[in-house]
Structure formats: C-alpha cells, structure tokens
Amino acid sequence: MVDYMEYTPHEIEPKWRQWWQAQQTYRVSNQSEKPKYYILDMFPYPSGAGLHVGHPLGYIASDILARYKRLRGFNVLHPMGYDSFGLPAEQYAIQTGNHPEVATVRNINRYREQLDEIGLSFDWSREVRTSNPAYYKWTQWIFMRLFEHYYDRDANKALPISQLVSRFATRGNAGMNAVCDDDTPAFSAEDWFAMDAREQQQMLLKYRLTYPGEAYVNWCPALGSVLSNDEVKDGVSERGGHPVERKMMNQWNMRITAYADRLLEGLNEIDWPESIKEQQRNWIGRSVGASVRFDIANHDARIEVFTTRVDTIYGVTFLVLAPEHELVAELTTDAQRTDVDAYVQWAGARSDVERMADTKKVTGAFTGSYVQHPFTGAAVPIYIADYVLAGYGTGAVMGVPSGDQRDWNFAKHFHLPIVPILDAQKDLEEAADPTKEGRYINSGLINGLDYAEATSLLIGYLETNNVGKGKTQYKLRNAVFSRQRYWGEPVPAYWHDGLPHLIDDEDLPLVLPAIDKYLPTENGEPPLARAENWTYTPRQTAETPVAFASVEREPSEIFVVPDIAEDDIISIPVPPYDTVQIESFSQDATDDEQTQDDLLPSHPLTLSRPLELSTMPGWAGSSWYFYRYMDPANDQAFCSPEAMRYWQAVDVYLGGSEHAVGHLLYSRFWNHFLYDLGLVPEREFAKKLINQGMIQGRSNFVFRAKESFFEQYLWMKVLQPYFEEEGPMAQSKSQSEEGYKYDFAFGANNLVIEVTSYKMPEKIERIRRTAEADRKRMLVLSTEEITDDINHPETIAAKIRAALNSREAFIVTPSRPSCEQLYVSQSLLYKYNADVFTKLHVDVSLVENDVLNVEKAKANQQFDKANFKIDPNGQFTCSYEVEKMSKSKYNVVNPDDMVREYGADCFRMYEMFLGPVENSKPWSTSGITGVSGFLRKFWGLFFDSAAKRNPAAEPADTSLFAVSDAAPTADELRTLHTCIKKVTEDIERFSMNTCVSNFMTCTNELRSLNSSKRAVLEPLVVLLAPFAPHVAEELWHHLGHETTVCDAEWPTYDEAHLQLSTIQYPVQVNGKMRGTLEVAVDTSNADIEAMAMAQEFVKRSLQGSAVKKFIVVPGRIINIVA
RNA sequence: GCGGGAGUGGCGGAAUGGUAGACGCGUUGGUCUCAAACACCAAUAACUUCACGGUUGUGCGGGUUCGAGUCCCGCCUCCCGCACCA
C-alpha cells in the first residue's frame, strides 16, 4: 500500500466497471418525466478479427454525447447490438462444418469483452441480434406486410392489396396511378373477372412492394448468390472482389422504386451530411424529360426513347438502340444482318471493365431500318451501339449530334448529318455544343423560341398527338432481395401453384432449419434445399385448391414459374392475402383497410407446400433495428406503440459513410413504408446523422503483376533520383520539392519502382499535357523498347537512370515482359487494379524498418501460397500504404493493447484528440503520451504531489487527498468557467478534439495557480465524466459522493466569472498588428484613444501621419487608420 | 465528364469577419541524475537583425472591408462518390 495516491487506471477502471454493472447504472426505462434522447451507433457485424481501433471512434464519440445528455437531464437511450447474419460466418461454417451460429456467438462474445473494456454506457439489457429468431421474426413480419401492400401514387402512400383488388373489380387498372412493373398491361374490370385465380394473383405480383420476378440481376458465381447493385463495385463483388455477371433470374425484389420521390424529398427534412444526401440523390438518379415515340417505317412496332432535351428533337439525325434491345433482330435488314450480328456478339462479349475503359472509341452498326421523325416525318436511320445502355430508360436514344458529344462522335464516325438547332451554337465541326441559350433554328414548330418555351410547347404537342409525353426517369432499380445462402432470414413464403404465398403470422418466426452442409446442393440450389421437410402446412389458408400432381415441382424449378395447363386449375376467385389487424398511430391508416373475406371464401387445407429456398440479404435485419431497441423483448409487435410514442425516432445516428446507399437508403425505404401503415411515428427514422471517419491502418505489401497487366498501361513517375547506393537491392527514399515520397531499387533480377498512378490511355494523354504545363519533360519508353529490354534489367536501369538524372518522369508501356521480373511497389492503383495486380499484404510482424524478413515470411507461408518470388539476397523492401483496417490486410490494431497500456480513459480521450470525428486518419500512437500526461496531471490536482517528490517528508498514515474547501479565487473561477463554457459548446457541436484541448488548458492553468479547491475541482470532475468516466467516478467518490457521477448535474457557467478587470487590446495600425494595450474594463473610448496614441509603438508605426479614423471594437481590438 | 468535400508549421490539428498556428506530438536547450529513463522548466511559422525591431506568411489571382484563413468572383490541386444515365 502506497502512502500517497497514484493514478493507476488498471486498478480503478475494472473496479468501477463492475460497480456500474452491479448498480445497473446504464439501465434505461421507457417511463420517465425527463425529455428523451435517442443516440444510436450503427451496430457492427461481429467479424472474427475482433474490434479494431477504428470501430470505437464513433462509439466513444456517441458515448460522450450520451453521457453528456444524461448529465443535462435527459433520459438517454443508447443501445448496442449485432448485425449478426452475414457471409463470413457462413464461409466459416462451410469450412469447418460448424453451424454459423458457433462462430457468430464466439465473435459476439469477443466484441462484447472489447466494448466493455472501453467503458461504454450501453444499456445491454436492450441488446439485439439480427440472427436471433425472436428478432428476425419481425424482419419476416415486415417482409410480409410489404407483400400485402402496393404503392398508390394518388394517395402517395402504400395501401393494402385488398384495395387494389376492389379497384380492379370495379374499374380495372385503367387510369390508375399505382406503381407496378413496366410491362403491366391495361385491363378493365371485365378483363379482371375473366382472369382465373392464378392470373389474378400474377397480376397482383406486379404491384406488391415485394414480389418474385424475372429481372436482370448481378449473379456472382464465386459466391453462388445474387447481389444488389450497392453490393457490386466496379464490376466485382464488394465482398471478396469476385466477378459478377448479369443474368436473368427469378428472384424476390423490393419495389423501392415506388418510394423514389419520397426518398428524395425526405432528404430535405433531415440533418445528414451533404455528401450522403448527394450520394442518395445520385443513386436515385431522377431526371425529368420526355418520352418520345418513333414509328418504324414499314413495321408495326414503335421505338420509345427517353430524353432530357426534347427541345433538340429537330436535331435528331439517327436513333441508337442498345445491342440487347428486343427489336434489334426484327429491325435488321438482310443486307445488314452480318454486320449487326457480329456487332451484337462482339458487344455481348465485352466485359463492363472493358466497356468503361475505352469510352472514346466509337463502335456500332446500322440496322438498315428507319423510323419516322414524329415532327418532320423524315426517315431517321436506326443504329445499334453499346454506348446505349439496355438497363436505363428504354434502351434506346435519339441521336442529336449537334447537342450531345457522344452523339456527335457517333455521327462523325458514321458520316451522319449534324444539324444546328440553336443560333447560339458554336462551330459544330469541332464539337457538339449542348447549350440551351439562344433561339431555335431549323426547328419547325419552335423556330425562334427559347428553351423554356420550346420545351413546354413540344411536350404539349407530344401529348395531344399521342406520340409521347413528359416523363421522369430514375436510375434507381428495384432491389434484389433473395440471397442463395443459409445464414440469413428465411423468406416466410411458400410456393404453390407457381405462386408465392405467405405463411401465417402465427407461424412466425420461420426458423432456419438444421442442415448437414452449408453449401449449395449438387444441382446448384441454395443450401436451404438440403433441409429435410422444408415445407409448410398452411393453417386455414385461402390458397387455391388445385390438382397437386401437376404442379409439384422438382426443387431445381423453384425459381421458375411453371406453365400450368388450364385444366389443372379449379378456378375460383382468390382472396387477397390477409391483412393483419395492427395498432396504428394515425387514424386514417386503418380507415381504408378492408378484407375481402366476405367476398371470397377460404378453404382450410392441410397439405404441406415447399418453402422458399432463398434467404434475405444482409440489409434486411438492419433496416429496422433501431425500433427494436425501444422494446427489445416484445413478442406481440416489433415494438410497442407506447415505446415508439416515447422514443419517437433517432436523434443522433453515428456511423460510417460506406453505408450511404445501402443500409441508409433501405432503412429509409422501410421506414417510409412502416410510416404509411401507421406503424412508426416519423417519416424519417434518423433526424441527424454523423459520419465518423475511418481510422486507417498501415499496410505493408508488395505487388505482383498479373499477366493481363502487360496488355494495359502503366504510368510511372519518379520525381527525384537518388543513386547513393547501387547494391544488388539498393533502395532509397526521399522527399522532393513537390513533397512526394518515392522509393525504387534495382536488383540483379528485379526492378522495383514506385507507381504513382495507373490510368487508361486517354488519361495518360491528359497527364502528359499536365506535366508539360508544369514544364517537366517526360520520357516515353515504347512498347518495343520495353519488350526488348525486359530481359535485360540493366539496360532498362540505364535508361531510367538517364531519365532520372535529367529529372524526367517517364511512361512505360510494356507489352509482354515476364511478370516475375517486374515488382511494383506502393501504388495508387485501385480503380482498375483488380485486373492488373495481385497485392500481397504482409503481416506487420514480418517487417522491420521496411525490410521484409524473408525467412519469417517463408516460415509463415505467406509467400509460398502466393507463389511469390523472393529476392535472392533474402531481403525485400516493403512498401506501405495507408488503407482500411482489415484482417486480410494484416494491419489491424486492436484496442485491447492500448487499454492495457494506458487505460480505457486515456484510450477514449486519445481517440477523440486525434481530430474531428468526421475525419479519416491513419492510426498512430504518437501523441498518446500527451493525453496520458494530462490524466495524471488532472489526478495530481486532487492529491498532494509533494509526497511524490519527497515521500520521506510525509506522514505515512495519510492518503494525502489534498482538496480543500477554501473559497476559490477569481482566477480559479475564471479558469473553471471558461472550461465549462467551452466544453459545453464544443460537445454541442460535436467537436470532441477541442474538448480535450480545453481540459488540458484548464488543468495546466490550475496547476500553475497551484489550485486544489473543491469548488473548482468538483464541477470539473462532472465535465470530465463523459470523456473519462472511470477516473471521474473514482475522484467523485474521493470527493465524498456515494452515488454515481453519471447522475450528477452538468455545471453551468456564469458570465460574471469570465470577466477580467482589464482587457488586453491588440492594437493595429492600418490593419497590421503593432502591439497590445492593457486598459481597465470601464475605460471610455476617448481615454483608450488617448492611451493608444501615447504608445511608443503606435507613434513609431504612424511615422507622423495624421489619424483618419480610430476604431475600437469593445473587448476585441483597436485599429488606427492613418 | 457530373456531383460533394478539402487545401493552415516538421506532424495531428485550433481559430462567432478582430493578436493565425489553441492543444498535443516532434525538435532544441536547461533542471534533476554517476548515467539513462521518467518528470519538470523554457524555446519552437519562415526570412532578416548582435539586438530593439522589421518583412512575408492559411493552394493561386483578383475583390469587398478600418480589418479576410473566414465573405464574393475567377482559377489550381487533392480526396470521396457517380459515370457513355441520353
């Protein structure tokens, strides 16, 4: 036992954590007189790597806010849970044969330990896990409600399918403004009754908000599953980087497009970062324009195009269809058939990457057919080209070469006429001019008009003559909702008669079945097909009785709707799927609900049906979890209306920006839907969103070029040469005037160069021009040169050396060297690099001073497995790059070590001190000593530090707790109140880094004042409590309190204590700082002027000039204008 | 190409239109020590001056203002997102 108190985080921190737990300090009640505050972190996917130092950044920031709000008298909901369905656990299961839950639970336990260690104030009694059946019961429940509703544009909300049925029965779908599939035909009430039950249900599928349907989907063969658009980046899967192909499949979909406008409008009412809103707007991609129909000469069909520039219609000189367009084959004349077929085939074989790569090259083919211009009647040739995308609009565009550069390029290439349409257009021989200025020429109806006049006139004309209409087009696609995986929520639907049916609400949750292997079956079905008895026996279902023998399907046909002969169907009207009675917020939400039970009989059945085999995607469970925290144990509803009435919506939501168009858009979609049903209180679930920055790690790696790389282009730039060392593996680093770092080396068999950028050819052209503008010369080594030289590295070395000596950058465009000979280090290649390099990440422990320990690496088998060629000298210099922390990059830093070494409080404050929460920054521990020192100094204010210097002089039996009850001085009070003011204001604007600075400043001042008075220190402990809760709790109890500091009262500052008796005025002469002047607070301006003019430095600066103006900004500054 | 954001010491970063660089790291010098570490004290934008001081400084060029890192106009660069989206 020491005889004075030392700051020992390792002792006090666990002690208080246990105490908080025993006291249930963080338990939150749904009943309170206090105002509520809901602060939410995006819950993590519990990965096997555990929590790294990047995760807690947001958790700590939100924890500080939560603790602060609590001290300000709010009842704060601050929960945490796990997004525990996901791919890694499933892959682990495939490898080990263990149930994915095993790995999931283990990872969750590890996360929990780590989270606890940081002292976060989560109410763990409210924990949610998306993979828990009691939770996913409600995910399934929401899915079923989506199935039971359609979107009505006139009501501007989701309505029950039953209403649609009534409507169809009275007026058909004519004149109806409901969101449905594009190919939905118009029909009358008579038509509706003429349909048999199955046809009616299939029609309804075109309207339901979730539905199975044929569509082009992103199919990833490596993952054996489909992916949604936001899960695909640059043509490969976001997870794993596997190739993705477009494939027509029958899958469950979410009709998110129904909410496109509302999701767009909703952005205006929420306080989210502009970049996120922009990304969502971009993703939704609304563009307003017109659709125009072109009649095909000598053919019945018509081609519809979408355009945002209908005013340019008179400039149309050709039409272009996507090669996949359904009319291509029909329209192609015999004379053109060879050309067109070849082109279609060629275009189909091109990958997305290739297509994006050369957008400059004009390709296409003439079909031989013509359309009639709707205004002039002129014959307009129809082409096909792959710059027109099949997936956007109608897959056809009108070519206006005078106003659109792509059309212009196309016209030039195929020698098509270019017609100017505006008098303000520039020379159209050089380029297209997309201007909207000026008056129209060569434009029939609209000659002489301006843009606005022309547009409205033309749209009016299109509509009255029935050749088109004003139209709004979206980029947003309906979201594919099926995943062919095991570890996800089973879709609560079964199949019968080629139609999906919902299981009964009472049978929820539909729990994942036990299976022997977590792989797809041999004939390619999802893993759920392995389950025995994966069938459902409807309770009192109203499904159509049919002759079962004919529709019992092989499992492999599950995703296809089979054709069923009419004879097989006993035709009776089918009731809609029941709507459940739900307690509702708004009265009108239930008003129009009605079931059709009275119209349509139901037939009890006891036969089992095959259940849906696919599961839901990862984003299903995370699209509504914020409500579950409010009422986590409820088994009657996903959340009780009472709980929602109290907590409303999330006040502050914190998480990474990588979810901008995934989770954050889907959640908003589901929330809008639930709002329409009156099930949730607010349109938008999160009022304010804060994106925490990513904490990146340092990755060591080497690159290995793939064969295909050498057909591509490489741009290398070395800015300042160093040739001090010329050993077999010389390496040097430096900093050039421009501030670039580089390193390169020549080896007997190796050439290592820093690659600064890699671009496509046309990009290189641009870069070359930039470089020339910078007056830097560049050396281009031709393909031939490199090919010749690649087997003689010393020759290349000489060339490069010559280039470097003259400070030239250079471009290398090798065509076919042997790839082992070119190692490329530290590169910025990302966009295209999946095709170009294999990036071999190297474990940190294998690298010392940037040099790879090859022996260890071999022992570790890190390179054997990558078939990496090791430098013969046994040394290899590793480059590094700052990138995302990830297990696969061997660059994860866990918070555990930090907590062990410095304590949780120090770790918390250090993470905050790194900079604004929103900023991304590489992890570095330099600077943590500053925070550590601060905590010890702060602690030292409470204890007599003399004892530390000279323990012998102190009595052995005193604890030397040295806080006095004496009255504080004005200086002490000013220090305290300044700190209160700044910390309070800074937390409110979420500026945690400056809060920490303020604490440091305050502590330093108190130390120099030699202050240790209760009246000052006690409020400071409360201020510090959100940031460093453990030490605050310890000191709080030292100060004699028995209850937790978490329930203390946040101190308020008093302006009076901030006042000084004198003011130091900065004095400027002609706007330049010349000195300072100290005056009493109540000095009049005239006196200040007299005093200022008497100052030596003022006289000197004025140099005798007459003063024109004397400005005093009270309390701020003095400026003398001469 | 379109959209969003940002450019401030050696570094992370501070600055309601009012002394640019708070706070911390790093560096340098000092105290303590046999010594080292820790700790403590001091200095630290650049240039210039023996010094007092002076000059220049928030990506570049203009402007508004008594006064601009901050506001306005025109550029440059970097990062992020989207991208033959008609």
Return the OG to CD1 distance between A/Ser924 and A/Ile695, rounded to the nearest 0.5 Å.
10.0 Å
Answer yes if the ring centres of A/Phe943 and A/Tyr7 are under 6.0 angstrom apart, and no otherwise.
no
Atom CG of A/Asp404 and atom C1' of B/C85: how far apart are they, to the nearest Å?
11 Å
Please list each protein N or O that sits under 3.5 Å from an N or O in nucleotides 53-57 of chain B, with the distance.
| from | atom 1 | to | atom 2 | distance (Å) |
| --- | --- | --- | --- | --- |
| B/G54 | OP1 | A/Arg1074 | NH1 | 3.4 |
| B/U55 | OP2 | A/Arg1074 | NH1 | 3.2 |
| B/U56 | OP2 | A/Lys1072 | NZ | 3.1 |

Paired with B/G26: which nucleotide, if any, by Watson-Crick or G-U wobble criteria at under 3.5 Å for both distances?
B/U44
The nucleotide from B/A86, B/G81, B/G24 with an atom nearest the side chain of A/Asn1004 is B/G24
Would you call A/Glu985 and A/Lys981 a salt bridge, using N to O less than 4.0 angstrom?
yes
Inter-nucleotide C1' distance (B/C80, B/U28), Å rounded
40 Å
If I pick the P atom on B/U27 and the same atom on B/G81, what distance separates them, to the nearest angstrom?
36 Å
In this structure, how many angstroms lie between the P atom of B/G4 and the CD1 atom of A/Ile276, rounded?
15 Å
Taking the same atom, C1', in B/U8 and in B/A20, what whole-Å distance lies between them?
8 Å
A/Glu278/A/Arg281 ion pair, N-O < 4.0 Å
yes
Using a heavy-atom cut-off of under 4.0 Å over every strand shown, decide if A/Asp407 touches base, sugar-phosphate, or nothing.
nothing
Establish, with yes or no, whether the OP1 or OP2 oxygen of B/C85 is under 4.0 angstrom from a side-chain nitrogen or oxygen of A/Asn282.
no
Return whichever of A/Arg309 or A/Glu278 has its heavy-atom-nearest nucleotide of RNA chain B closer to the 5' end.
A/Glu278
In whole Å, I'd like the distance from the CZ atom of A/Phe934 to the C1' atom of B/C25.
16 Å
Is there a Watson-Crick or G-U wobble partner for B/U33 with both distances under 3.5 Å, and which nucleotide is it?
none
Rounded to the Å, how far apart are A/Lys1099 NZ and B/C52 P?
22 Å
Complementary nucleotide of B/G67, counting Watson-Crick and G-U pairs under 3.5 Å
none
Show each protein N/O and nucleotides 46-48 of chain B N/O combination with a separation under 3.5 Å, one pair to a line.
none

Taking NZ, NE, NH1 and NH2 as the nitrogens, is one of them in A/Arg286 or A/Asp261 under 4.0 Å from a carboxylate oxygen of the other?
yes
Quick check for you: among B/C66, B/C85, B/G24, whose closest atom lies nearest to any side-chain atom of A/Val1121?
B/C66
According to a strict under-4.0 Å criterion, is A/Tyr387 in side-chain N/O contact with OP1 or OP2 of B/A86?
no
Strictly by Watson-Crick or wobble contacts shorter than 3.5 Å, is anything paired with B/C85, and which nucleotide is it?
none
Rounding to an integer number of angstrom, what distance separates B/G53 and B/A6 when you compare their P atoms?
39 Å
Report the distance from atom CZ of A/Arg936 to atom P of B/G24, rounded to the nearest whole Å.
14 Å
Would you kindly compare A/Lys475 and A/Arg1007 by the position of their nearest RNA chain B nucleotide and give the one closer to the 5′ end?
A/Arg1007
Return the value, rounded to whole Å, for the distance between atom CD of A/Glu274 and atom C1' of B/G5.
10 Å
Which part of the nucleic acid, if any, lies within reach of A/Lys982 when heavy atoms closer than 4.0 Å are counted: base, sugar-phosphate only, or nothing?
nothing
For nucleotides 11-18 of chain B, which of its nitrogen or oxygen atoms have a protein nitrogen or oxygen under 3.5 Å away, and what is each distance?
| from | atom 1 | to | atom 2 | distance (Å) |
| --- | --- | --- | --- | --- |
| B/G12 | O2' | A/Leu914 | O | 2.5 |
| B/G13 | O3' | A/Asn993 | ND2 | 3.3 |
| B/A14 | OP1 | A/Asn993 | ND2 | 3.2 |
| B/A15 | OP1 | A/Arg989 | NH1 | 3.4 |
| B/A15 | OP1 | A/Arg989 | NH2 | 2.8 |
| B/U16 | O4 | A/Arg1116 | NE | 2.7 |
| B/U16 | O4 | A/Arg1116 | NH2 | 2.2 |

